[in-house]
Number of protein chains: 2
Amino acid sequence: MSEPGSAAATPIASGTAQETASERLPLRERKKLRTRQALIDTALEMFTERGFDGTTLDQLCDAVEVSKRTFFRNFLSKEDVASAPTQDLWRVVLEELETCEPGGRTVLEMLRDTLLAALDQMTAEGWARRVLLSRRLAEATPSMNAHGLHFCDRTSRAVLAVLHSRFELGDPADLRPRLALDLVVSAFQQALDDWASRPGTPTRASLAADLREAFAAVPGALTLTAELRTDA
Amino acid sequence: MSEPGSAAATPIASGTAQETASERLPLRERKKLRTRQALIDTALEMFTERGFDGTTLDQLCDAVEVSKRTFFRNFLSKEDVASAPTQDLWRVVLEELETCEPGGRTVLEMLRDTLLAALDQMTAEGWARRVLLSRRLAEATPSMNAHGLHFCDRTSRAVLAVLHSRFELGDPADLRPRLALDLVVSAFQQALDDWASRPGTPTRASLAADLREAFAAVPGALTLTAELRTDA
DNA sequence: CAGCTAATGCCACTAAGTGGCAAAAATATG
DNA sequence: CATATTTTTGCCACTTAGTGGCATTAGCTG
């Protein structure tokens, strides 16, 4: 059980009041989650410090005191461990999408709001910092960028499947839903880039602001025109 | 000289009339191009036959009678060789973009027309078939899909750079150009998917038709709305 | 405490990708 | 035509990502 791809998707109903969502699990599960988190944190640190290619899996596993075999029971690849933070967000997006109501909005607006709602739920300690490191690594490392893009693509298709299963979108061969979705992804990526390249310590709130700004620019993209430069 | 990434970007001015663009090169260059093309063709064949992961580089190199070292002087990775056909198209898109005139069109229209113009230039024998095989492989092989997506991303940025250098697009932090570009990429991918999944033997002309259709759907993507399903 | 289950560690193995250097082929030069 | 020069190739050794098998350990259950 518990294949690498699917994170910890087995949260047991909580007993008391406030819990970090990982408490009250059987000891075994908690231990698993701890090593998983240790791998993510240490990987982000080491990759940032010595570079992605400059860090071997053996070094990472030594640092966390875990066998390489165990690493691959938790993650699909070396790239995978470093992109885990972003994957958390999209997993929640998918969950949100399962229960949201259209309420007269366009698909684009609905997806934007879902994304923002999911972002509001990323309350885990240090999440913003992890996403930041992850993003910067992706920019600097081709293979990580490729992996992230691939994940994005798979997630897009999953989102599209949920849209089609829950909503009436007419002809399944209609190209518009995927165009709208790719627009959402584009806005998200762009917001993330801007957010990550800003100096200082970005917060979840500032990411939300960047997201809103990116979405606001969408309508203008269609009518944008260009003039030949006169200078240079 | 001649790094793996940059294909044959050194076409010498032709002497006589009609030439396949690779003639009249020094013998050495022609030989290089021949082995390169042999690697591409054989790779597409073997990958399609026995699967991408079911074919080792050693097997491919044996079949073409070339050392593995030579393979890596021509291509960046195992994935790279199989996505060469698509890369050819985008290289021409970039060239076209260097000389095109805005002529009152929107950026979106200009990019669409450039893409169609580039497509018109893909006259190499069997190009359509190669793209078809390449695309189907990408759909079936995660690592190839990731590689293709990464290439797309890099190319997008290159296109964006050309746009900014040649045209007056206002604030460089403006988000609209990239949104427009990602829309173009989305339409392209979608057209390619539809084209490749159609039965029979797709042609360049039918790809052009799919492309026009995809672009026609763009404006509707913004205003698309959804109703909750009543069935199921 | 005994017995079961599942995660882990260890070992050996395949295959992608890289670097170095000598052999060979193509081109330029006398 | 022979030779010097430059470019390309082949070969070999090496690192590292990723996988499969099996014994061991640690958490769970009656």
Side-chain angles (χ1 to χ4, degrees), chain A residues 1-8 10 12 24-39 43 46-47 50-83 141-144 146-147 150, chain B residues 1-8 10 12 24-39 43 46-47 50-83 141-144 146-147 150:
Chain A
M1 294 302 139
S2 88
E3 293 191 0
S6 61
T10 328
I12 290 184
R24 291 300 119 198
L25 284 173
L27 179 56
R28 209 159 28 187
E29 305 291 322
R30 267 182 289 166
K31 217 166 192 176
K32 254 187 93 157
L33 279 187
R34 253 212 320 274
T35 58
R36 181 188 159 82
Q37 198 57 49
L39 279 169
M46 293 180 78
F47 292 170
R50 325 177 191 183
F52 180 82
D53 293 320
T55 311
T56 67
L57 279 180
D58 289 322
Q59 291 171 337
L60 171 60
C61 292
D62 276 359
V64 186
E65 291 183 301
V66 159
S67 78
K68 208 168 57 168
R69 203 72 190 75
T70 298
F71 174 89
F72 282 107
R73 283 196 201 91
N74 281 277
F75 302 98
L76 296 160
S77 67
K78 189 182 173 188
E79 288 81 24
D80 199 39
V81 65
S83 55
T141 315
S143 78
M144 271 207 55
H147 182 271
H150 177 63
Chain B
M1 292 304 141
S2 89
E3 294 192 0
S6 61
T10 329
I12 289 183
R24 290 301 118 198
L25 284 172
L27 178 56
R28 220 192 256 155
E29 306 290 323
R30 266 182 288 167
K31 217 165 192 176
K32 253 185 93 155
L33 278 187
R34 254 212 320 274
T35 58
R36 181 188 159 84
Q37 197 57 49
L39 280 169
M46 294 180 77
F47 292 169
R50 314 140 91 151
F52 181 82
D53 293 320
T55 311
T56 68
L57 280 180
D58 288 321
Q59 290 172 337
L60 171 60
C61 291
D62 275 0
V64 186
E65 292 183 300
V66 161
S67 78
K68 210 169 53 169
R69 203 70 189 76
T70 298
F71 174 89
F72 282 107
R73 283 195 200 93
N74 281 278
F75 302 98
L76 296 160
S77 67
K78 190 182 172 187
E79 289 79 25
D80 200 39
V81 65
S83 55
T141 315
S143 78
M144 270 207 58
H147 182 271
H150 177 63

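Every heavy atom of this structure was used, including side-chain atoms; hydrogens, water molecules and symmetry mates were not. First the proteins, then the strands, lettered A, B, ... as listed; each starts at 1.
The stretch residues 62-71 of chain A participates, sequence neighbours left out, in these side chain to side chain donor-acceptor pair (under 3.5 Å) pairs: A:Ser67-A:Thr70.
You'll find that the side chain of A:Lys32 is closest to C:dA7, out of C:dA7, C:dA16, C:dA25. Picking from D:dT9, C:dA16, D:dA17 the nucleotide with the shortest atom distance to the side chain of B:Thr56 gives C:dA16. Residue B:Glu29 has its side chain nearest to D:dT8 when only D:dG27, C:dA25, D:dT8 are considered. For A:Thr70, the side-chain atoms get nearest to C:dG9 when compared with the rest of C:dA16, C:dG9, D:dG18. Of the candidates D:dT9, C:dG20, C:dG17, C:dG20 carries the atom nearest the B:Arg69 side chain, counting heavy atoms from C-beta on. You'll find that the side chain of B:Arg73 is closest to D:dT9, out of D:dC28, D:dT9, D:dG18. In this structure, the nucleotide among C:dA7, D:dG18, C:dA16 sitting nearest to the side chain of A:Arg28 is C:dA7.
If you measure from atom CZ of B:Phe71 to atom P of C:dT18, you get 11 Å, rounded to the nearest angstrom. The separation between A:Leu60 atom CG and D:dG18 atom C1' is 14 Å, rounded to whole Å. Rounded to whole angstrom, the span from the CD atom of A:Glu65 across to the C1' atom of D:dT25 amounts to 17 Å. One interatomic measurement links the two molecules: NZ of A:Lys78 to P of D:dT15, which rounds to 16 Å at whole-angstrom precision. Residue A:Asp53 contributes atom CG, which lies 16 Å from atom C1' of C:dG19 at whole-angstrom precision. If you measure from atom CZ of B:Phe72 to atom P of D:dC14, you get 19 Å, rounded to the nearest angstrom. Going from atom CD of A:Gln59 over to atom P of D:dT16 covers 8 Å, rounded to whole Å. The CG atom of B:Asn74 sits 11 Å away from the C1' atom of D:dT9 (whole-angstrom rounding).
Across A:Leu60, A:Thr35, A:Asp58, A:Val64, a single residue satisfies side chain to side chain contact (heavy atoms under 4.5 Å, CB included) together with A:Phe71, and that is A:Leu60.
Using a 4.5 Å heavy-atom cutoff, the side chains of B:Thr141 and B:Phe47 are not in contact. Side-chain contact check for A:Arg34 versus A:Lys31: some heavy-atom pair is nearer than 4.5 Å.
The two residues A:Asp53 and A:Lys78 come nearest to each other via the heavy atoms CA-NZ, 4.2 Å. Minimum interatomic distance between B:Ala146 and A:His150 (heavy atoms only, all atoms of both residues): CB-CB, 3.6 Å.
Contact annotation: B:Lys31 does not reach the phosphate of C:dA25 (side-chain N/O to OP1 or OP2, under 4.0 Å).
If you check every strand for non-hydrogen atoms under 4.0 Å, A:Lys68 touches a base.
Each end of the helix from C:dC1-D:dG30 to C:dG30-D:dC1 gets its own axis, taken as the rotation carrying the C1' atoms of four end pairs onto the next four within a five-pair window, and the two axes meet at 10° to the nearest 10 degrees.
To the nearest 0.5 angstrom, A:Glu29 atom CD is 6.5 Å from A:Lys32 atom NZ.
Judged by distance alone, the side chain of A:Gln59 and the main-chain N or O of A:Thr56 form a donor-acceptor pair under 3.5 Å.
Put simply, the side chain of A:Arg30 and the base of D:dG27 share no donor and acceptor less than 3.5 Å apart.
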